[in-house]
Structures are given as C-alpha cells and as structure tokens.
Amino acid sequence: MEAITYYRRGDYLFPNIILSEPPPETVPPLGVYGLKRQKYLKEHRPILYSKLLLSERLYPHLRETDEAAAHRLAVITDRYQAEEIINELIYE
C-alpha cells in the first residue's frame with residue numbers, strides 16, 4: 001500500500017488523490033439513462049456517489065444502468081409494436 005501524500009493550501013492539508021481514468025476517446029459516452037442515474041446519485045445519494053467515484057466503480061455502474069435501461073426500453077417497444085400489429089390484423 002502506498003503512503004498518502006498531502007499538499008498544503010493555506011492552513012489545510014489535502015490528500016493527493018488522482019483517479020486513473022481511461023482516455024476519453026476510448027470510452028463511449030453515457031446515454032440518457034446513465035446521465036440521469038448520475039444526477040440522481042449526486043443529488044439524492046451523495047455518499048454512495050462519492051464511494052463509487054473514489055473506488056473507480058462509478059462509470060461501470062452508470063454504463064451498466066444505461067445498458068440495462070436501454071435494453072428494457074427496446075423490449076417494451078418491441079412488445080408494443082407486436083401488439084399493435086396483432087390489433088391491426090384482428091380489426092381489419
């Protein structure tokens with residue numbers, strides 16, 4: 001385990017914390033559901049947001065949420081479209 005180093009700003013010591021982030025060009029941007037989850041965590045669950053951020057699990061969590069919601073939306077719309085086609089065939 002590495003020793004934590006600090007820097008001084010005025011009368012206070014702050015830890016030198018650097019998160020290892022992949023280059024932005026290799027990471028796909030988050031979709032609408034991932035961004036909504038991030039906003040929710042920031043506003044309503046700040047401790048969980050900080051915990052995920054500092055443990056570098058925030059982006060994978062947001063990515064998983066975004067993919068799950070997009071998949072669920074696709075399933076719902078496919079089901080709805082199938083029902084519409086069946087209704088059109090029945091009532092023609």
Side-chain angles (χ1 to χ4, degrees):
M1 181 165 175
E2 294 183 32
I4 298 175
T5 59
Y6 297 88
Y7 66 93
R8 182 178 297 277
R9 183 166 293 165
D11 292 336
Y12 301 100
L13 291 174
F14 294 96
N16 291 323
I17 298 175
I18 299 173
L19 300 175
S20 61
E21 295 182 15
E25 58 273 359
T26 62
V27 178
L30 289 173
V32 66
Y33 301 108
L35 294 174
K36 285 180 183 263
R37 176 68 175 168
Q38 183 179 24
K39 183 179 178 185
Y40 169 79
L41 289 173
K42 272 185 179 179
E43 292 177 2
H44 301 286
R45 305 287 304 273
I47 295 172
L48 177 60
Y49 178 80
S50 297
K51 183 178 176 182
L52 288 172
L53 181 64
L54 292 175
S55 66
E56 297 184 358
R57 294 182 307 175
L58 178 64
Y59 185 80
H61 172 74
L62 297 176
R63 169 70 45 214
E64 180 183 343
T65 301
D66 189 56
E67 290 172 359
H71 175 70
R72 186 67 185 143
L73 181 64
V75 168
I76 290 171
T77 55
D78 289 346
R79 203 175 283 169
Y80 178 73
Q81 287 175 347
E83 287 178 13
E84 281 295 313
I85 291 171
I86 291 171
N87 286 340
E88 286 178 10
L89 292 174
I90 291 173
Y91 295 115
E92 282 185 354

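Sequence positions, counted from 1, serve as the residue numbers for this chain. These values consider heavy atoms only, across backbone and side chains, with no hydrogens, waters or symmetry-generated copies.
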Name all residues meeting the ring-ring contact (aromatic ring centres under 6.0 Å, His included) criterion together with Y7; count only those two or more places apart in sequence or in a different chain, and write none if there are none. F14

Hey, is NE2 on H71 packed in by over 12 heavy atoms from elsewhere, all under 6.0 Å? no

Just wondering, are more than 12 heavy atoms of other shown residues or ligands nearer than 6.0 Å to CG in L13? yes

Ignoring hydrogens and angles, tell me if any N or O in the side chain of D66 forms a donor-acceptor pair with the backbone of L30 under 3.5 Å. no

Counting C-beta onward and ignoring hydrogens, is there a side-chain heavy-atom pair between L41 and H61 closer than 4.5 Å? yes

Using side-chain heavy atoms (C-beta onward) and a distance below 4.5 Å, is R79 in contact with I76? no

How far does [atom1] of [X] sit from [atom2] of [Y], to the nearest 0.5 angstrom?
X   : Y   : atom1 : atom2 : answer
R63 : E67 : CZ    : CD    : 5.5 Å
K42 : L48 : NZ    : CG    : 13.5 Å
K51 : R45 : NZ    : CZ    : 10.0 Å
L62 : L52 : CG    : CG    : 8.0 Å
Q38 : L58 : CD    : CG    : 6.0 Å

Output all residues satisfying side-chain hydrogen bond (donor to acceptor under 3.5 Å, both in side chains) with Y49, sequence neighbours left out; order by chain, then residue number. none

Once side-chain contact (heavy atoms from CB on, under 4.5 Å) is applied, do any residues pair with E56, and if so which ones, sequence neighbours excluded? L19, S20

Single-linkage hydrophobic cluster L35~Y40, side-chain heavy atoms < 4.5 angstrom: yes

